[in-house]
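The block underneath contains the structure these notes are about, expressed in structure tokens.
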Protein chains: 2
Amino acid sequence: MKVLTKKTDYAIRALLMLGAKRGSYVSVRSIAVEQDMPYQFLRGVLQEMIRHGLIVSKEGVQGGFMLAKEPDEIGVKQLIEIFQGTVQVSECMFRKQLCANRSRCVLRHEIMRIEQVVSDEFEQVTIGKLLRKLNAASNLMPALTDGEKPDSTILKEE
Amino acid sequence: MKVLTKKTDYAIRALLMLGAKRGSYVSVRSIAVEQDMPYQFLRGVLQEMIRHGLIVSKEGVQGGFMLAKEPDEIGVKQLIEIFQGTVQVSECMFRKQLCANRSRCVLRHEIMRIEQVVSDEFEQVTIGKLLRKLNAASNLMPALTDGEKPDSTILKEE
DNA sequence: CTTAATTGATATAAATATAGTATCAGTTAG
DNA sequence: CTAACTGATACTATATTTATATCAATTAAG
Ligand code: FES
Ligand code: FES
């Protein structure tokens with residue numbers, strides 16, 4: 001069971017890079033290269049985030065993307081919703097005769113409770129939070145802060 | 001974002017029926033008809049549960065399936081794992097240069113924490129628990145307890 | 001004022017996962 | 001013997017995810 005799809009995964013990572021380089025425009029190409037993500041695919045992801053007002057862009061040479069909100073205002077929950085749709089544990093499980101009285105259905109109740117827990121959990125995780133954790137351990141994540149490229153041997157290149 | 005697939009959904013509902021009729025063998029056909037699930041597909045789901053020791057079967061006329069464990073011992077988490085694979089929020093997000101030191105990676109840490117929360121949440125929900133809730137509200141779920149068949153017109157037969 | 005580096009927009013294809021169907025052989029109660 | 005069952009497995013269809021490809025518009029820099 002995979003909770004985050006590539007789009008969400010890429011979105012988070014791209015946002016972390018934008019967060020690490022706040023104030024300047026960062027090109028898709030540079031993100032794609034540094035994080036080893038497919039260029040065109042990533043572009044689509046970023047454009048989607050523009051539509052949702054998470055980032056802004058500037059066209060042309062020296063153009064790129066920049067955060068449009070505070071990192072703490074961007075939660076993973078929102079990203080999941082953008083790229084994977086609303087968190088829903090299941091549709092109505094007993095959609096036939098059993099669901100005559102949906103609003104009081106106990107199964108539905110249990111399901112919605114879990115949905116809430118999962119949802120809350122993801123909401124707490126913001127780009128800001130992740131950035132702070134990264135900074136606190138920046139020695140482990142060099143590529144987000146400078147251009148160093150250690151250990152490129154594990155890589156499968158595209 | 002859909003957390004439960006059809007297989008898991010069907011599995012839960014089938015187990016609830018087996019739980020409601022404990023002690024006797026219940027045929028796939030009767031479950032499929034009563035719950036409006038595709039017959040052959042459901043068979044596959046039940047066979048998978050046999051392989052995992054959740055239920056037992058008896059062949060031939062009057063055959064069918066029966067729970068092999070206490071309802072409280074069957075958690076939705078296990079069902080998810082059987083039909084959708086282990087709960088994993090994401091693979092290693094930064095599989096390139098950033099992950100030189102995986103064991104201490106803060107992102108990975110955060111990810112695994114959420115995995116645990118989600119996982120725990122589903123583990124708590126057992127077939128037994130759901131059954132008790134159903135019994136407490138059995139008036140809302142007639143088909144699980146008796147043979148009533150209201151509203152059979154919506155059915156698409158195979 | 002041309003060029004190369006960029007984003008905007010959109011169409012399409014490839015890969016994978018999910019959902020559903022079909023069939024044949026073996027078992028068993030009646 | 002037969003009809004109601006499961007065991008096993010191969011197959012098809014649909015949906016979703018992932019990735020690529022193009023062309024137009026914008027802009028900094030020489
Ligand atoms: S699961 Fe549909 S109302 Fe109960
Ligand atoms: S996400 Fe891979 S080790 Fe950090």
Side-chain angles (χ1 to χ4, degrees), chain A residues 1-11 13-14 18 24-33 35-52 55-66 68 79-80 82-86 88 90-91 95 156-158, chain B residues 1-11 13-14 18 24-33 35-52 54-66 68 79-80 82-86 88 90-91 95 155-158:
Chain A
M1 178 201 171
K2 193 173 52 180
V3 176
L4 302 186
T5 62
K6 293 288 181 187
K7 279 189 179 176
T8 312
D9 172 316
Y10 294 163
R13 289 157 64 185
L18 297 189
S24 58
Y25 287 101
V26 181
S27 76
V28 175
R29 187 113 253 158
S30 69
I31 298 174
V33 168
Q35 297 285 340
D36 192 21
M37 305 187 252
Y39 174 67
Q40 295 293 356
F41 193 60
L42 180 58
R43 285 187 60 195
V45 168
L46 293 201
Q47 294 203 356
E48 190 74 28
M49 289 199 281
I50 287 218
R51 280 178 222 123
H52 284 84
I55 57 182
V56 290
S57 65
K58 184 183 147 195
E59 286 180 86
V61 178
Q62 304 279 2
F65 297 84
M66 199 187 274
L79 298 173
I80 290 177
I82 291 173
F83 295 109
Q84 304 173 225
T86 312
Q88 62 174 151
S90 169
E91 298 171 356
R95 57 209 172 297
K156 297 156 230 158
E157 287 298 353
E158 65 219 294
Chain B
M1 179 198 171
K2 193 173 53 181
V3 176
L4 301 186
T5 62
K6 292 288 182 188
K7 280 189 178 175
T8 311
D9 172 316
Y10 294 163
R13 290 157 62 185
L18 298 189
S24 59
Y25 287 101
V26 182
S27 76
V28 176
R29 187 113 252 159
S30 68
I31 299 174
V33 168
Q35 297 286 340
D36 193 20
M37 306 187 252
Y39 174 66
Q40 295 293 356
F41 194 61
L42 180 58
R43 286 187 61 193
V45 168
L46 293 201
Q47 295 203 356
E48 190 74 28
M49 290 200 279
I50 286 220
R51 281 177 220 121
H52 285 84
L54 298 182
I55 57 182
V56 290
S57 65
K58 185 182 146 195
E59 285 180 87
V61 179
Q62 303 278 3
F65 297 84
M66 198 188 275
L79 297 173
I80 290 177
I82 290 172
F83 294 108
Q84 304 173 226
T86 310
Q88 58 173 154
S90 168
E91 295 172 0
R95 58 208 172 295
L155 265 192
K156 300 155 228 155
E157 285 302 348
E158 64 227 279

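Note that the structure is predicted; figures quoted are calculated from it, not measured. Only heavy atoms go into these numbers, but all of them, side chains included; no hydrogens, no water, no symmetry mates.
In this entry the distance linking CD1 of A/Ile31 with C1' of C/dA5 reads 15 Å, nearest Å. Atom-to-atom, NZ of B/Lys6 to P of C/dT18 comes out at 13 Å; the value is rounded to the nearest Å. A straight line from CD of A/Glu48 to C1' of D/dA19 spans 16 Å, rounded to a whole angstrom. Straight-line distance from the CZ atom of A/Phe83 to the P atom of D/dT18: 12 Å, rounded to whole Å. Between B/Leu42 atom CG and C/dT21 atom P the separation is 12 Å, expressed in whole Å. Rounded to an integer number of Å, the gap from OH of B/Tyr39 to P of C/dA22 is 13 Å. Spacing between atom NZ of B/Lys2 and atom P of D/dT14 amounts to 16 Å, rounded to whole angstrom units. In this structure, B/Ile55 atom CD1 and D/dG7 atom C1' are separated by 13 Å, rounded to whole Å.
One finds the CD atom of B/Glu48 at 11.0 Å from the CG atom of B/Leu79 (value rounded to the nearest 0.5 Å). Between the OG atom of A/Ser30 and the CZ atom of A/Phe65 there is a distance of 10.5 Å, given to the nearest 0.5 Å. A distance of 11.5 Å separates CD1 of B/Ile82 from NZ of B/Lys7, quoted to the nearest 0.5 Å.
Applying the salt bridge (charged side-chain N to carboxylate O under 4.0 Å, His left out) criterion to A/Glu59, with sequence neighbours excluded, gives no partner residue. Listed by chain and residue number, nothing satisfies the ring pair (Phe, Tyr, Trp, His ring centres under 6.0 Å) test with A/Tyr25 (two or more places apart in sequence, or in another chain).
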5' to 3', nucleotides 23-30 of chain C under a 4.0 Å protein heavy-atom cut-off (B base, S sugar-phosphate only, - none) gives B--BBBB-
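The phosphate of C/dA17 (OP1 or OP2) has no side-chain N or O of B/Thr5 nearer than 4.0 angstrom. For the OP1/OP2 pair of D/dT18 and a distance below 4.0 Å, the side-chain nitrogens and oxygens of A/Tyr10 include no atom meeting the criterion.
At a threshold of 4.0 angstrom between heavy atoms, the contacts of A/Gly44 with the nucleic acid are absent. Looking at heavy-atom distances under 4.0 Å, B/Phe65 makes contact with sugar-phosphate atoms alone, never a base. If you check every strand for non-hydrogen atoms under 4.0 Å, A/Leu46 touches nothing.
Side-chain contact between A/Arg43 and A/Gln40 is present, with at least one heavy-atom pair separated by less than 4.5 Å. Taking 4.5 Å as the limit, every side-chain heavy atom of A/Thr8 sits out of range of all side-chain heavy atoms of A/Val3.
Taking for each of A/Ser57 and B/Lys7 the nucleotide of DNA chain C with the nearest heavy atom, the 5'-most of the two is the partner of A/Ser57.
Out of C/dT6, C/dA9, D/dT6, the shortest distance to the side chain of B/Gln47 is found at D/dT6.
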